[in-house]
Amino acid sequence: ALYKLFHRNKLGHCVASQEQAVLSAGIKLLLSDLEYRKTLSSNAVAFAVENFNATKVRSQFQNLLKETAQKKKHPAQP
């Protein structure tokens, strides 16, 4: 799941292998490609701000609580 999240949104460079050569190649890529690192970093920060903003998360949680309370007051009829 994390691999897909990171890969789809270009949030980080994931290596899905435990082979030493593959891990080494991933590390070398990150060390040698400044633009790639900048892109990953920028995307990760933007994703975090968008998806983990305290005000937004608090609002979403409050709405979820309200919806849950409404459902308990007025349960769906079969």
Side-chain angles (χ1 to χ4, degrees):
L2 281 177
Y3 176 85
K4 288 181 182 178
L5 174 70
F6 277 52
H7 184 72
R8 287 181 186 159
N9 296 289
K10 296 186 176 155
L11 305 175
H13 185 77
C14 294
V15 176
S17 172
Q18 293 183 7
E19 291 182 35
Q20 183 177 357
V22 178
L23 292 169
S24 178
I27 292 168
K28 287 177 183 176
L29 172 64
L30 290 171
L31 291 173
S32 65
D33 193 335
L34 177 61
E35 287 305 311
Y36 183 53
R37 288 196 315 270
K38 286 181 179 179
T39 298
L40 295 178
S41 177
S42 177
N43 291 347
V45 169
F47 186 87
V49 168
E50 177 66 27
N51 293 284
F52 301 108
N53 175 294
T55 303
K56 182 177 179 178
V57 171
R58 186 172 30 256
S59 175
Q60 290 172 339
F61 184 66
Q62 288 171 343
N63 288 337
L64 179 61
L65 291 175
K66 288 176 187 174
E67 289 173 18
T68 302
Q70 281 297 101
K71 287 179 183 177
K72 285 191 175 198
K73 285 183 183 178
H74 307 286
Q77 301 296 322

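Keep in mind it's a predicted model, so treat the numbers as computed, not measured.
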**Complete:** Distance col, row L64:CG vs F61:CZ, nearest 0.5 angstrom, shows 6.5 Å
**Request:** For E35, enumerate each residue passing the side chain to side chain contact (heavy atoms under 4.5 Å, CB included) test, keeping only those at least two apart in sequence or located in another chain.
**Result:** D33, K38
**Asked** Can L11 be reached from L2 by stepping across I, L, V, M, F, W or Y side chains whose heavy atoms are under 4.5 Å apart?
**Response** yes
**Request:** State, to 0.1 Å, how close K10 and N43 come at their nearest heavy-atom pair, and which atoms those are.
**Result:** O-ND2, 3.0 Å
**Minimum-distance pair of heavy atoms, taken over all atoms of F6 and C14** = CB-SG, 3.4 Å
**Prompt:** Mind checking whether L5 and F52 sit in one hydrophobic cluster, side chains of I, L, V, M, F, W, Y counted as touching below 4.5 Å?
**Reply:** yes
**Fill in**
Applying side chain to side chain contact (heavy atoms under 4.5 Å, CB included) to H7 and not counting sequence neighbours gives Y3
**Heavy-atom closest contact (T55 atom, N53 atom, distance)** = N-OD1, 2.9 Å
**Item:** Residues forming a side chain to side chain donor-acceptor pair (under 3.5 Å) with Q18, sequence neighbours excluded
**Value:** none
**Message:** As an exercise, state the distance from CD of E67 to CG of L65, rounded to the nearest 0.5 Å.
**Reply:** 9.5 Å
**Complete:** Separation between CG (L40) and CG (N9), nearest 0.5 Å, reads 11.5 Å
**Prompt:** Is it true that a side-chain atom of S24 and a backbone atom of Q20 form a donor plus acceptor pair closer than 3.5 Å?
**Reply:** no
